Amino acid sequence: MPQPWAVRARRVFDGETFFDQPGLVVVQDGTVTAVDFGTGLPSADLPVVDLGDVTLLPGLVDAHTHLVFDPPANVAEQMASEDDDTLLGRAREHAQQALRAGITTVRDLGDRNYLSLAVRAETAVDPRSGPELLVAGPPITSVGGHCWFLGGEAEGAGDLRAAVAERARRGVDVIKVMATGGNVTPGSDMRDSQYDFDELRVVVAAAHEAGLRVTAHAHGGKGIADAVRAGIDGIEHGTFLTPTGAEPDWATVRALGEAGTYLGVTVGGATLTPRLAAIRRGYARMRREGVRMVCASDAGVVAQKPHDCLPRVLPEFVSFSEATTIDGLRAVTSLAARSCGVADRKGRIAPGYDADLLAVAGNPVDSLAALSDVQAVFRRGQRVTT
């Protein structure tokens, strides 16, 4: 059994609470075993890594990324022209890029040919090679629908059940379904539903029977409402787009809150237009209505969303959602971990949790810009940055 050791920091945010006082986090065999704020823990007997005047946080959780997508390029063209070896190499590079930024858990919500499962296996063997990956494989989509080029087309109850079963057999962590169209697919309209309520209910039931969560890409109001009624675990985007802007259906929003459905708000990479301003006003009210809003990046879909962007876009999320900085930090740590189903071991600094740790200069509660000043990253207790 490896010997215990400890990390000392000037301040600690444990995923829920901020402690503006020195703290010592004890680690053994990749797991946090104790957190000491001067309560008598015999820490003097342990080897200590003293990080100095930093804030120690749980490693960040990005609940929506696409590791095989290269941000500067056209996604549909990439998927049509590049082979699996190219995409796999890129996914590895993007995983490392995320980890160096302090993102220690990544949920990949759409790849081609299940390539992210290979990266997941590699990062499980060598924690320093990338974050822990939670993967969906190719998202389930209608024939010719949003992201059809990833290989997940399915229509009709039988095909939808078979699509879920195939993903479960391959060992995915979550099912992703495209409830509406999306903007990276030529000819697709984000407002239009791709599946109706009955079809979404088939996907949800099949996923839950397999012990898997299911999250839905959804922009249009009907697609969002049908997914929530079908018992979906998460909504990605949730913009409630209309022909002229965005207008949430507040009955659906209340249902979101009452059901505890997570809303993955993907942030960054967009010019502030009147439509985006309307979307953001809706998000602010949704948060006030009690919707559990997670800040995620959707990294890879546009040039402004590299795979290390989550710390940089969090201030934007906090601003338009009218949240506190503490709530913002929860939205990329403990709350994000709950949305991904790994809250028993990710998103917190507490005994029994994985020793995924991020140290940043300064105090992110005073200024979230501090998250970009990375001083150290530990993944399963192994130091990634120097």
Side-chain angles (χ1 to χ4, degrees), residues 62-66 69 71-76 109-110 146-147 178-194 215-225 227-228 234-250 252-253 256-257 261-289 291-325 327-328 331-332 336 339 368-369 371:
D62 195 338
H64 189 146
T65 74
H66 301 276
F69 292 177
N74 179 288
V75 170
L109 289 183
H146 180 42
C147 287
M178 301 299 201
T180 71
N183 65 351
V184 301
T185 304
S188 181
D189 190 324
M190 292 190 290
R191 297 167 297 166
D192 291 346
S193 293
Q194 296 192 164
T215 193
H217 162 105
H219 284 284
K222 184 178 186 305
I224 297 169
V228 173
I235 296 289
E236 307 301 316
H237 312 301
T239 54
F240 288 94
L241 292 181
T242 68
T244 58
E247 181 55 50
D249 170 55
W250 296 108
T252 298
V253 171
L256 264 169
T261 308
Y262 292 94
L263 175 60
V265 178
T266 54
V267 187
T271 302
L272 185 60
T273 62
R275 170 179 272 190
L276 182 56
I279 292 169
R280 290 180 168 183
R281 287 193 296 272
Y283 284 148
R285 180 172 166 185
M286 286 183 217
R287 193 188 65 78
R288 293 195 298 271
E289 295 275 349
V291 173
R292 297 196 283 189
M293 291 172 53
V294 171
C295 176
S297 70
D298 205 3
V301 296
V302 294
Q304 298 88 347
K305 288 178 179 276
H307 287 80
D308 59 359
C309 72
L310 183 65
R312 296 194 296 277
V313 302
L314 181 59
E316 188 178 345
F317 170 85
V318 166
S319 177
F320 68 68
S321 67
E322 300 176 3
T324 66
T325 54
D327 284 336
V332 293
S339 78
L368 289 170
L371 291 179

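Because the structure is a prediction, the values reported are computed rather than measured. Heavy atoms only: backbone and side chains are in, while hydrogens, waters and symmetry mates are out.
Note on ring orientation: taking the six-membered ring where Trp is involved, the planes of F69 and H66 are parallel (angle under 30°, cut-offs 30° and 60°).
R287 places a side-chain heavy atom less than 4.5 Å from the side chain of D327. For the pair Q304 and C309, the minimum side-chain heavy-atom distance is 4.5 Å or more. Looking only at side-chain heavy atoms (C-beta outward), R292 and Y262 come within less than 4.5 Å of each other. In this structure, the side chains of Q194 and S188 come closer than 4.5 Å at one or more pairs of heavy atoms. Counting heavy atoms from C-beta outward, C295 and L310 have side chains that approach closer than 4.5 Å. Two residues are said to be in side-chain contact when any heavy atoms from C-beta on lie closer than 4.5 Å; T180 and R191 fail this criterion. S297 has its side chain out of reach of V267: every pair of non-hydrogen atoms, C-beta onward, lies at least 4.5 Å apart.
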- Message: Checking V184 against C147 for the side chain to side chain contact (heavy atoms under 4.5 Å, CB included) test, could you report, in this order, the C-alpha distance in whole Å, the side-chain angles of both residues, the deciding distance, and whether it holds?
- Response: CA-CA 8 Å; V184 301; C147 287; 4.2 Å; yes
Just distance, no hydrogens or angles: give the donor-acceptor pairs under 3.5 Å from side chains in residues 270-279, sequence neighbours left out.
{"residue": "T273", "atom": "OG1", "partner": "L276", "partner atom": "N", "Å": "3.2"}
{"residue": "R275", "atom": "NH2", "partner": "T242", "partner atom": "O", "Å": "2.8"}

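Every salt bridge (Lys or Arg N to Asp or Glu O under 4.0 Å) that E322 has, sequence neighbours left out, goes to R288.
Distance check, rounded to the nearest 0.5 Å: NE2 of H217 to NE2 of H219 gives 4.0 Å.
In this structure, H64 has its ring center closer than 6.0 angstrom to the ring center of H237.
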